[in-house]
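Below: one structure in structure tokens.
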Amino acid sequence: MTSMRNTNDPITLEDISRFEQKYILTLSNQYKDFLLKYNGGYPQESSFKISEEEGESLVNKFYGIGDMKGNLAKVYDIIEDEIPEGFLSIANDPSGKEILLGVNQEFNGKIYLWMHDIEPEDEMDNMFILADDFSEFINDLY
């Protein structure tokens, strides 16, 4: 797993549970473990491959739960109607693309990149799968 810097204040399982209840979603256990350990922050190794055509990008920062500038609740409230249903933005890249965690049954736990600057014909046309789960994504950062 990549090392994290500038992490946020620690949270508890109760904090995560309140977030899940408020937004009526279930976070993957791997992502919950990450929140409990770091509660967001900036990854030391941050590069990832989008696709052959799109190339690479970087994780700018992972959002956390609580009173901080980039928190999950604020981001959710701002982009909820823009991203496909069943996803939660957990991080962004320097150009404002959002890294999403699947929170519904079909996409549960999978990590996608949502490219806001591509106008989709179908809902998922501007989505690129990055990993089958959070651990794979964070472990593959370079």
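All figures in this text were calculated on a predicted structure; none of them were measured in a lab. In this chain, residues are counted from 1 in sequence order.
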When Y112 is tested against each of F128, F107, F48 for ring pair (Phe, Tyr, Trp, His ring centres under 6.0 Å), which residue passes? F107
What is the minimum heavy-atom distance between S89 and L72, and which atoms define it? O-CD2, 3.3 Å
Are a donor atom and an acceptor atom from the side chains of D133 and S135 found within less than 3.5 Å of each other? no
Do I129 and I83 share a hydrophobic cluster (ILVMFWY, side-chain heavy atoms under 4.5 Å, transitive)? yes
Evaluate the criterion side chain to side chain contact (heavy atoms under 4.5 Å, CB included) for residue pair V59 and F137; output intermediate values, then yes/no. CA-CA 11 Å; V59 175; F137 177 69; 3.8 Å; yes
Find out whether Q30 and I138 are in side-chain contact, i.e. whether some heavy atom of one side chain is under 4.5 Å from a heavy atom of the other. no
Which atom of Y23 lies closest to which atom of A73, heavy atoms considered: OH-CB, 3.4 Å
Closest non-hydrogen atoms of M68 and K74, given as atom of the first, atom of the second and distance, are O-NZ, 3.6 Å
Nearest atoms (heavy-atom pairs only) where S46 meets L141: O-CD2, 3.9 Å
Please evaluate residues F34 and F134 with respect to the criterion ring-ring contact (aromatic ring centres under 6.0 Å, His included), reporting the C-alpha separation (whole Å), side-chain torsions for both, the decisive distance (0.1 Å), and the verdict. CA-CA 9 Å; F34 172 81; F134 184 77; 5.0 Å; yes
Please tell me whether V75 and V103 are part of a single hydrophobic cluster in this structure, the criterion being side-chain heavy atoms less than 4.5 Å apart. yes
Test item: N6 and K61 side chains (from C-beta on) under 4.5 Å apart, heavy atoms: no
Among all residues two or more places apart in sequence or in another chain, which pass the side chain to side chain contact (heavy atoms under 4.5 Å, CB included) test with N108? none
Electrostatic pair K32:E20 at N-O distance under 4.0 angstrom: yes
With sequence neighbours left out, what residues match T7 under side-chain hydrogen bond (donor to acceptor under 3.5 Å, both in side chains)? none
Contact between L27 and L35 at the side-chain level, heavy atoms closer than 4.5 Å - yes or no? yes
Do the non-hydrogen side-chain atoms of I99 and I90 ever get within less than 4.5 Å of each other? yes
State, yes or no, whether a side-chain contact exists between L25 and F19 at a heavy-atom distance under 4.5 Å. yes
Here the gap from E82 atom CD to N126 atom CG, rounded to the nearest 0.5 Å, amounts to 10.5 Å
Would you say L100 ends up clustered with I50 if hydrophobic residues are merged whenever their side chains have heavy atoms under 4.5 Å apart, either directly or through other cluster members? yes
Assess whether a salt bridge exists between D15 and R18, defined as any Lys/Arg side-chain N lying under 4.0 Å from an Asp/Glu carboxylate O. yes
L13, L88: one ILVMFWY side-chain cluster at the under-4.5 Å cut-off? yes
Output the distance between atom CG (L36) and atom CD1 (I11), rounded to the nearest 0.5 Å. 5.5 Å
State plainly whether one hydrophobic cluster holds both I78 and M115, where clusters connect Ile, Leu, Val, Met, Phe, Trp and Tyr through side-chain heavy atoms under 4.5 angstrom apart. yes
State, yes or no, whether a side-chain contact exists between N60 and P94 at a heavy-atom distance under 4.5 Å. yes
Between L113 and K97 the two heavy atoms that sit nearest each other are CD1-CB, 3.9 Å
Check: S3/Q44 side-chain N/O donor and acceptor closer than 3.5 Å: no
Are T2 and M4 packed together at the side-chain level, in the sense that at least one heavy-atom pair is separated by less than 4.5 angstrom? yes
Donor-acceptor pair, distance only, cut-off 3.5 Å: does the side chain of N39 make one with the backbone of G64? no
When rounded to the nearest 0.5 angstrom, what distance separates OH in Y42 from CG in N8? 8.5 Å
Can you tell me how far the CD atom of Q21 sits from the OG1 atom of T26, to the nearest 0.5 Å? 10.0 Å
Value rounded to 0.5 Å, distance of CE in M127 from CZ in F87: 3.5 Å
Find the distance between CD (E106) and CD (E85) and round it off to the nearest 0.5 Å. 11.5 Å
So which atom in L101 and which in S28 form the shortest heavy-atom distance, rounded to 0.1 Å? CD1-OG, 4.2 Å
